[in-house]
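Structure, as C-alpha coordinates:
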Amino acid sequence: MMNQAGHHIIPGHMETVHLELSDNTNALQLRRPFDPAAHDLESTFRLTRIGMDASVTPLRHGGLSLVQTTDFFYPLVEDPYMQGKIACANVLSDLFAMGVTECDNMLMLLGVSTKMTEKERDVVVPLMMRGFKDCATEAGSTVTGGQTVMNPWLTIGGVATTVCQPNEFIVPDNAMVGDVLVLTKPLGTQVAVNAHQWLDIPERWNRIKLCVSEEDVRKAYLRAMDSMARLNRIAARLMHKYNAHGATDVTGFGLLGHAQNLAANQKNEVAFVIHNLPIIAKMAAVAKACGNMFQLGQGLSAETSGGLLIALPREQAAAYCKDIEKQEGYQAWIIGIVEKGSRTARIIDKPRIIEVPAKDKEGELW
(Lines give C-alpha, C1' and ligand atoms only; values in the text may rest on other atoms or scores of the structure.)
Protein backbone atom coordinates (compact mmCIF):
# COMPACT_ATOMS: atom_id res chain seq x y z
CA MET A 1 0.00 0.00 0.00
CA MET A 2 1.28 3.48 -0.90
CA ASN A 3 0.15 7.00 -0.08
CA GLN A 4 -0.14 9.90 -2.54
CA ALA A 5 3.50 10.82 -2.07
CA GLY A 6 4.54 7.29 -3.04
CA HIS A 7 5.68 6.22 0.45
CA HIS A 8 4.98 2.67 1.60
CA ILE A 9 2.52 2.35 4.50
CA ILE A 10 2.13 -0.77 6.61
CA PRO A 11 -1.44 -2.08 6.10
CA GLY A 12 -3.60 -1.71 9.18
CA HIS A 13 -1.44 1.01 10.76
CA MET A 14 -2.87 3.92 8.77
CA GLU A 15 -6.32 3.52 10.28
CA THR A 16 -4.83 3.61 13.79
CA VAL A 17 -2.80 6.70 13.02
CA HIS A 18 -5.87 8.46 11.60
CA LEU A 19 -7.54 8.01 14.97
CA GLU A 20 -4.78 10.15 16.46
CA LEU A 21 -4.05 12.60 13.66
CA SER A 22 -6.98 14.59 12.30
CA ASP A 23 -7.53 17.57 10.03
CA ASN A 24 -10.41 18.64 12.26
CA THR A 25 -9.78 21.95 14.03
CA ASN A 26 -11.12 20.34 17.20
CA ALA A 27 -8.56 17.51 16.94
CA LEU A 28 -7.33 18.06 20.48
CA GLN A 29 -10.80 17.33 21.84
CA LEU A 30 -11.25 14.30 19.57
CA ARG A 31 -7.78 12.83 20.01
CA ARG A 32 -7.55 9.43 21.66
CA PRO A 33 -4.86 8.65 24.25
CA PHE A 34 -1.83 7.04 22.64
CA ASP A 35 -2.07 3.25 22.97
CA PRO A 36 1.27 1.51 22.28
CA ALA A 37 -0.45 -1.86 21.71
CA ALA A 38 -2.53 -0.39 18.87
CA HIS A 39 0.74 0.24 17.02
CA ASP A 40 2.12 -3.25 17.67
CA LEU A 41 4.45 -1.85 20.35
CA GLU A 42 4.98 -3.39 23.75
CA SER A 43 2.24 -2.28 26.14
CA THR A 44 4.99 -1.09 28.53
CA PHE A 45 6.51 1.27 25.93
CA ARG A 46 7.13 4.80 27.24
CA LEU A 47 8.23 7.68 25.06
CA THR A 48 9.74 9.50 28.01
CA ARG A 49 12.19 8.32 30.63
CA ILE A 50 11.82 10.96 33.32
CA GLY A 51 14.18 9.19 35.70
CA MET A 52 17.31 9.59 33.58
CA ASP A 53 19.94 12.17 34.50
CA ALA A 54 20.85 12.85 30.87
CA SER A 55 18.98 13.06 27.58
CA VAL A 56 19.50 9.96 25.41
CA THR A 57 18.54 10.44 21.75
CA PRO A 58 18.85 7.55 19.25
CA LEU A 59 20.61 8.83 16.11
CA ARG A 60 19.75 8.02 12.51
CA HIS A 61 23.18 6.37 12.28
CA GLY A 62 22.59 2.78 13.32
CA GLY A 63 23.22 1.82 16.92
CA LEU A 64 24.40 5.20 18.17
CA SER A 65 22.80 7.56 20.71
CA LEU A 66 23.45 11.21 21.52
CA VAL A 67 23.76 11.67 25.29
CA GLN A 68 23.58 15.24 26.58
CA THR A 69 23.13 17.14 29.80
CA THR A 70 23.31 20.73 31.00
CA ASP A 71 23.43 22.51 34.33
CA PHE A 72 24.55 25.80 35.90
CA PHE A 73 24.43 27.49 39.29
CA TYR A 74 25.70 30.36 41.40
CA PRO A 75 29.09 30.35 43.15
CA LEU A 76 29.13 28.52 46.47
CA VAL A 77 32.85 28.60 47.33
CA GLU A 78 35.23 31.56 47.59
CA ASP A 79 37.96 30.22 45.29
CA PRO A 80 37.10 31.08 41.65
CA TYR A 81 39.32 28.32 40.23
CA MET A 82 37.72 25.67 42.44
CA GLN A 83 34.28 27.04 41.60
CA GLY A 84 35.04 26.46 37.92
CA LYS A 85 36.15 22.89 38.61
CA ILE A 86 33.06 22.18 40.72
CA ALA A 87 30.75 23.56 38.01
CA CYS A 88 32.34 21.32 35.36
CA ALA A 89 32.34 18.23 37.60
CA ASN A 90 28.68 18.88 38.39
CA VAL A 91 27.72 18.98 34.70
CA LEU A 92 29.65 15.81 33.91
CA SER A 93 28.10 13.91 36.83
CA ASP A 94 24.83 13.50 34.93
CA LEU A 95 26.71 11.57 32.23
CA PHE A 96 28.61 9.53 34.79
CA ALA A 97 25.34 8.63 36.55
CA MET A 98 24.32 6.94 33.30
CA GLY A 99 27.54 4.92 33.29
CA VAL A 100 28.94 7.08 30.48
CA THR A 101 32.69 7.54 30.96
CA GLU A 102 33.71 9.41 27.80
CA CYS A 103 32.54 12.96 27.05
CA ASP A 104 33.18 14.06 23.47
CA ASN A 105 32.55 17.79 23.89
CA MET A 106 31.73 20.47 26.44
CA LEU A 107 30.36 24.00 26.20
CA MET A 108 30.73 26.58 28.97
CA LEU A 109 27.84 28.83 30.02
CA LEU A 110 28.97 31.92 31.91
CA GLY A 111 26.98 34.78 33.39
CA VAL A 112 29.33 37.61 34.38
CA SER A 113 27.91 39.80 37.14
CA THR A 114 27.27 43.47 36.35
CA LYS A 115 27.72 44.15 40.09
CA MET A 116 31.41 43.24 40.01
CA THR A 117 34.03 45.89 39.34
CA GLU A 118 36.09 45.63 36.18
CA LYS A 119 39.10 44.54 38.24
CA GLU A 120 37.07 41.87 40.04
CA ARG A 121 35.84 40.53 36.70
CA ASP A 122 39.36 40.56 35.23
CA VAL A 123 40.64 38.44 38.14
CA VAL A 124 37.71 36.13 38.89
CA VAL A 125 36.33 35.20 35.46
CA PRO A 126 39.57 33.87 33.89
CA LEU A 127 40.23 31.77 37.02
CA MET A 128 36.73 30.26 36.90
CA MET A 129 37.12 29.52 33.20
CA ARG A 130 40.51 27.90 33.78
CA GLY A 131 39.08 25.69 36.55
CA PHE A 132 36.24 24.59 34.28
CA LYS A 133 38.61 23.80 31.40
CA ASP A 134 41.11 21.97 33.61
CA CYS A 135 38.33 19.75 34.98
CA ALA A 136 37.11 19.02 31.44
CA THR A 137 40.67 18.06 30.46
CA GLU A 138 40.91 15.79 33.51
CA ALA A 139 37.71 14.09 32.29
CA GLY A 140 39.25 13.52 28.85
CA SER A 141 37.04 16.12 27.21
CA THR A 142 37.47 19.53 25.57
CA VAL A 143 35.62 22.84 25.93
CA THR A 144 35.06 24.02 22.36
CA GLY A 145 32.72 26.97 22.91
CA GLY A 146 29.78 28.27 24.87
CA GLN A 147 28.10 31.53 25.72
CA THR A 148 28.98 34.46 27.98
CA VAL A 149 26.43 37.10 28.99
CA MET A 150 26.33 40.01 31.41
CA ASN A 151 23.98 39.22 34.25
CA PRO A 152 23.04 40.65 37.67
CA TRP A 153 24.29 37.39 39.22
CA LEU A 154 27.47 35.45 38.60
CA THR A 155 26.62 32.01 37.20
CA ILE A 156 28.67 29.20 35.68
CA GLY A 157 27.76 25.88 34.11
CA GLY A 158 27.85 24.10 30.82
CA VAL A 159 26.73 21.41 28.43
CA ALA A 160 28.25 17.93 28.13
CA THR A 161 27.73 15.92 24.95
CA THR A 162 28.81 12.48 23.86
CA VAL A 163 27.90 9.84 21.27
CA CYS A 164 27.49 6.32 22.65
CA GLN A 165 26.93 2.76 21.61
CA PRO A 166 24.24 0.92 23.63
CA ASN A 167 26.81 -0.85 25.84
CA GLU A 168 28.36 2.45 26.90
CA PHE A 169 25.45 3.67 29.04
CA ILE A 170 23.35 2.04 31.73
CA VAL A 171 19.63 2.81 31.76
CA PRO A 172 18.80 3.41 35.45
CA ASP A 173 15.70 1.23 35.72
CA ASN A 174 16.81 -2.31 36.57
CA ALA A 175 17.28 -2.42 40.37
CA MET A 176 16.38 -5.84 41.75
CA VAL A 177 15.24 -7.20 45.10
CA GLY A 178 18.39 -8.18 46.98
CA ASP A 179 20.57 -5.41 45.49
CA VAL A 180 22.37 -3.01 47.81
CA LEU A 181 22.77 0.75 47.53
CA VAL A 182 26.27 2.27 47.32
CA LEU A 183 27.17 5.96 47.74
CA THR A 184 30.48 7.23 46.37
CA LYS A 185 30.87 10.62 48.15
CA PRO A 186 29.99 11.77 51.67
CA LEU A 187 27.01 14.03 52.36
CA GLY A 188 27.11 17.44 54.03
CA THR A 189 28.54 19.79 51.40
CA GLN A 190 25.78 22.38 51.87
CA VAL A 191 26.24 22.35 55.65
CA ALA A 192 30.02 22.70 55.33
CA VAL A 193 29.79 25.63 52.90
CA ASN A 194 27.23 27.44 55.06
CA ALA A 195 29.16 26.85 58.29
CA HIS A 196 32.25 28.33 56.65
CA GLN A 197 30.33 31.46 55.66
CA TRP A 198 29.04 31.76 59.25
CA LEU A 199 32.58 32.22 60.58
CA ASP A 200 32.11 35.88 59.57
CA ILE A 201 28.51 36.17 60.82
CA PRO A 202 28.57 36.23 64.65
CA GLU A 203 24.86 35.59 65.19
CA ARG A 204 25.02 32.47 63.01
CA TRP A 205 28.38 31.31 64.38
CA ASN A 206 27.08 31.57 67.97
CA ARG A 207 24.46 28.99 67.04
CA ILE A 208 26.99 26.27 66.23
CA LYS A 209 30.23 27.19 68.07
CA LEU A 210 29.47 24.88 71.01
CA CYS A 211 29.55 21.76 68.80
CA VAL A 212 32.34 22.60 66.38
CA SER A 213 35.61 24.56 66.34
CA GLU A 214 36.72 27.08 63.74
CA GLU A 215 39.42 24.62 62.66
CA ASP A 216 36.79 21.88 62.26
CA VAL A 217 34.72 24.16 60.02
CA ARG A 218 37.67 25.20 57.87
CA LYS A 219 38.68 21.59 57.38
CA ALA A 220 35.10 20.55 56.55
CA TYR A 221 34.97 23.35 53.97
CA LEU A 222 38.19 22.14 52.32
CA ARG A 223 36.85 18.57 52.32
CA ALA A 224 33.58 19.74 50.76
CA MET A 225 35.47 21.63 48.03
CA ASP A 226 37.68 18.63 47.31
CA SER A 227 34.66 16.31 47.16
CA MET A 228 32.60 18.58 44.91
CA ALA A 229 35.48 19.07 42.46
CA ARG A 230 36.18 15.33 42.23
CA LEU A 231 34.90 13.58 39.12
CA ASN A 232 32.57 10.57 39.35
CA ARG A 233 34.29 9.10 36.30
CA ILE A 234 35.98 6.13 37.96
CA ALA A 235 32.76 5.41 39.85
CA ALA A 236 30.98 5.30 36.47
CA ARG A 237 33.62 3.05 34.90
CA LEU A 238 33.32 0.57 37.77
CA MET A 239 29.54 0.47 37.35
CA HIS A 240 30.14 -1.57 34.19
CA LYS A 241 32.74 -3.83 35.79
CA TYR A 242 30.46 -4.71 38.72
CA ASN A 243 27.17 -4.96 36.80
CA ALA A 244 25.31 -1.96 38.25
CA HIS A 245 21.54 -2.02 37.78
CA GLY A 246 21.13 1.77 37.75
CA ALA A 247 22.34 4.96 39.38
CA THR A 248 21.75 8.66 39.89
CA ASP A 249 23.92 11.49 41.17
CA VAL A 250 23.04 13.13 44.48
CA THR A 251 22.59 16.87 44.03
CA GLY A 252 19.94 19.49 44.75
CA PHE A 253 17.15 17.22 46.03
CA GLY A 254 19.37 15.58 48.63
CA LEU A 255 20.03 11.88 49.09
CA LEU A 256 16.41 10.94 49.80
CA GLY A 257 14.97 13.06 46.99
CA HIS A 258 17.21 11.47 44.39
CA ALA A 259 16.71 7.99 45.86
CA GLN A 260 12.94 8.47 45.58
CA ASN A 261 13.26 9.61 41.97
CA LEU A 262 15.44 6.62 41.09
CA ALA A 263 13.10 4.18 42.85
CA ALA A 264 10.02 5.62 41.14
CA ASN A 265 11.44 4.79 37.71
CA GLN A 266 12.34 1.13 38.24
CA LYS A 267 10.85 -1.60 36.06
CA ASN A 268 10.64 -4.01 39.00
CA GLU A 269 8.43 -3.55 42.05
CA VAL A 270 11.15 -2.52 44.50
CA ALA A 271 11.74 -0.10 47.35
CA PHE A 272 14.98 1.47 48.60
CA VAL A 273 15.73 1.46 52.34
CA ILE A 274 18.70 3.54 53.54
CA HIS A 275 20.37 2.65 56.86
CA ASN A 276 23.70 4.53 56.78
CA LEU A 277 24.55 8.19 56.17
CA PRO A 278 28.24 8.95 55.45
CA ILE A 279 28.68 12.62 56.34
CA ILE A 280 31.68 14.98 56.28
CA ALA A 281 33.11 14.94 59.80
CA LYS A 282 31.37 17.20 62.36
CA MET A 283 28.69 18.33 59.90
CA ALA A 284 26.00 16.07 61.36
CA ALA A 285 26.45 17.86 64.70
CA VAL A 286 26.33 21.27 63.01
CA ALA A 287 23.14 20.36 61.15
CA LYS A 288 21.55 19.12 64.39
CA ALA A 289 22.46 22.36 66.18
CA CYS A 290 20.63 24.27 63.43
CA GLY A 291 17.34 22.52 64.11
CA ASN A 292 15.37 21.82 60.96
CA MET A 293 17.30 24.14 58.65
CA PHE A 294 19.22 21.54 56.63
CA GLN A 295 17.40 18.25 57.33
CA LEU A 296 20.69 16.46 56.70
CA GLY A 297 19.73 13.46 58.84
CA GLN A 298 16.47 13.17 56.91
CA GLY A 299 18.35 13.01 53.60
CA LEU A 300 16.89 16.28 52.34
CA SER A 301 19.92 18.56 52.55
CA ALA A 302 20.93 19.73 49.07
CA GLU A 303 24.29 18.56 47.78
CA THR A 304 26.38 20.00 44.96
CA SER A 305 28.33 17.68 42.66
CA GLY A 306 27.61 14.82 45.05
CA GLY A 307 28.40 11.16 44.68
CA LEU A 308 26.67 8.45 42.68
CA LEU A 309 23.92 6.44 44.36
CA ILE A 310 24.17 3.02 42.72
CA ALA A 311 22.07 -0.15 42.87
CA LEU A 312 24.54 -3.04 42.72
CA PRO A 313 24.20 -6.82 43.08
CA ARG A 314 24.82 -7.67 46.73
CA GLU A 315 27.73 -9.99 45.91
CA GLN A 316 29.49 -7.26 43.88
CA ALA A 317 29.08 -4.23 46.14
CA ALA A 318 31.94 -4.81 48.60
CA ALA A 319 34.35 -5.42 45.71
CA TYR A 320 33.11 -2.21 44.04
CA CYS A 321 33.84 -0.16 47.19
CA LYS A 322 37.26 -1.77 47.60
CA ASP A 323 38.13 -1.13 43.94
CA ILE A 324 37.15 2.53 44.00
CA GLU A 325 39.25 3.10 47.13
CA LYS A 326 42.20 1.34 45.52
CA GLN A 327 41.97 3.42 42.34
CA GLU A 328 41.05 6.81 43.81
CA GLY A 329 42.08 6.74 47.44
CA TYR A 330 38.53 7.71 48.46
CA GLN A 331 35.94 5.60 50.25
CA ALA A 332 32.54 4.46 49.01
CA TRP A 333 29.89 3.02 51.32
CA ILE A 334 27.09 0.47 51.27
CA ILE A 335 24.25 2.58 52.67
CA GLY A 336 21.08 0.57 52.09
CA ILE A 337 19.18 -2.27 50.47
CA VAL A 338 16.68 -2.88 47.69
CA GLU A 339 13.64 -4.83 48.85
CA LYS A 340 10.25 -5.69 47.38
CA GLY A 341 8.00 -2.64 47.40
CA SER A 342 6.07 0.01 45.53
CA ARG A 343 8.92 2.03 43.97
CA THR A 344 9.55 4.23 47.00
CA ALA A 345 12.60 5.17 49.05
CA ARG A 346 12.98 5.91 52.75
CA ILE A 347 15.61 6.41 55.43
CA ILE A 348 15.12 4.42 58.63
CA ASP A 349 14.20 6.36 61.80
CA LYS A 350 17.67 6.27 63.35
CA PRO A 351 20.22 5.82 60.57
CA ARG A 352 23.86 5.18 61.45
CA ILE A 353 25.93 8.33 60.95
CA ILE A 354 29.37 7.55 59.49
CA GLU A 355 31.85 10.38 60.15
CA VAL A 356 34.09 10.94 57.14
CA PRO A 357 36.93 10.66 57.85
CA ALA A 358 36.54 8.64 61.04
CA LYS A 359 39.54 10.42 62.57
CA ASP A 360 41.76 13.32 61.58
CA LYS A 361 45.24 12.57 60.32
CA GLU A 362 47.90 15.26 60.70
CA GLY A 363 48.55 16.98 57.38
CA GLU A 364 45.92 14.97 55.49
CA LEU A 365 42.51 16.15 54.31
CA TRP A 366 40.83 12.75 54.46
Side-chain angles (χ1 to χ4, degrees), residues 10 34 36-37 39-71 89-107 136 139-142 144 158-182 184 231-251 258-259 261-270 272 307-317 319-320 323-324 327 338 343:
I10 302 170
F34 177 74
H39 297 270
D40 290 334
L41 299 176
E42 293 288 335
S43 61
T44 55
F45 171 83
R46 295 292 180 272
L47 184 61
T48 56
R49 288 189 182 274
I50 296 172
M52 295 205 293
D53 286 292
S55 152
V56 179
T57 308
L59 298 176
R60 63 186 180 277
H61 310 292
L64 297 175
S65 292
L66 181 72
V67 183
Q68 283 186 307
T69 186
T70 183
D71 203 354
N90 188 63
V91 172
L92 287 165
S93 269
D94 285 335
L95 293 188
F96 298 144
M98 297 282 296
V100 174
T101 60
E102 306 299 327
C103 178
D104 293 326
N105 183 63
M106 294 196 76
L107 304 176
S141 190
T142 310
T144 61
V159 180
T161 302
T162 195
V163 176
C164 289
Q165 294 178 330
N167 64 342
E168 292 181 298
F169 63 89
I170 298 170
V171 179
D173 64 357
N174 200 35
M176 298 180 182
V177 174
D179 283 354
V180 297
L181 301 173
V182 166
T184 65
L231 294 170
N232 282 317
R233 192 182 187 194
I234 290 174
R237 187 175 294 135
L238 293 178
M239 282 169 59
H240 294 270
K241 181 177 178 180
Y242 293 99
N243 303 305
H245 291 149
T248 188
D249 61 329
V250 179
T251 50
H258 288 284
N261 188 46
L262 185 63
N265 288 279
Q266 297 307 302
K267 292 186 295 189
N268 301 315
E269 292 183 350
V270 295
F272 297 167
L308 300 188
L309 175 66
I310 311 167
L312 281 162
R314 181 185 297 272
E315 63 276 11
Q316 304 266 42
Y320 177 97
D323 206 343
I324 202 169
Q327 292 197 41
V338 179
R343 300 181 179 88

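Listed for the Arg314 side chain is no donor-acceptor partner under 3.5 Å among the backbone atoms of Val180. In this structure a side-chain-to-backbone donor-acceptor pair under 3.5 Å is present from Thr162 to Glu102. In this structure, the side chain of Ser93 does not engage the main chain of Asp249 through any donor-acceptor pair within 3.5 Å. Here the side chain of Gln266 pairs a donor or acceptor atom with the backbone of Asn174 at under 3.5 angstrom.
Side-chain contact between Asp53 and Pro172 is absent, with no heavy-atom pair separated by less than 4.5 Å. Using a 4.5 Å heavy-atom cutoff, the side chains of Thr142 and Met106 are not in contact. Leu309 places a side-chain heavy atom less than 4.5 Å from the side chain of Leu181. With contacts defined as side-chain heavy-atom distances shorter than 4.5 Å, the pair Ile170/His240 qualifies. Side-chain contact between Tyr242 and Ile310 is absent, with no heavy atoms from C-beta onward closer than 4.5 Å. Residues Asn268 and Val177 fail the side-chain proximity criterion, which asks for heavy atoms closer than 4.5 Å. Residues Thr70 and Val91 are not in side-chain contact: their nearest non-hydrogen atoms beyond the backbone lie 4.5 Å or more apart.
Between Ala139 and Leu92, the shortest heavy-atom contact is CB-CD1, 3.6 Å. Here the shortest heavy-atom pairing between Ala317 and Val182 reads CB-CG2, 4.1 Å. Taking each heavy atom of Ser65 and Pro58 in turn, the nearest pair found is OG-CA, 3.8 Å. Nearest approach of Leu95 to Ala54, heavy atoms of both residues: CD2-CB, 4.2 Å. Nearest approach of Ala311 to Ala175, heavy atoms of both residues: CB-CB, 3.9 Å.
To the nearest 0.5 Å, atom OG1 of residue Thr184 and atom CZ of residue Phe96 are 11.0 Å apart. The structure places OG1 of Thr248 at 10.0 Å from CE of Met98, a figure rounded to the nearest 0.5 Å. Taking CD of Gln327 as the start and CZ of Arg233 as the end, the distance is 11.5 Å to the nearest 0.5 Å. Between the NE2 atom in His245 and the CG atom in Asp173 there is a gap of 11.0 Å [rounded to 0.5 Å]. The OG1 atom of Thr144 sits 10.5 Å away from atom CG of Asp104, with the distance rounded to the nearest 0.5 Å. Atoms CG and OH, from Asn243 and Tyr320 in turn, are 12.5 Å apart once rounded to the nearest 0.5 Å.
In the model, Asn105 has no side-chain atom that pairs as donor or acceptor with a side-chain atom of Thr161 under 3.5 Å.
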Item to check | Derivation and outcome, side chain to side chain contact (heavy atoms under 4.5 Å, CB included), residues Met239 and Leu308 | outcome: CA-CA 10 Å; Met239 282 169 59; Leu308 300 188; 3.9 Å; yes

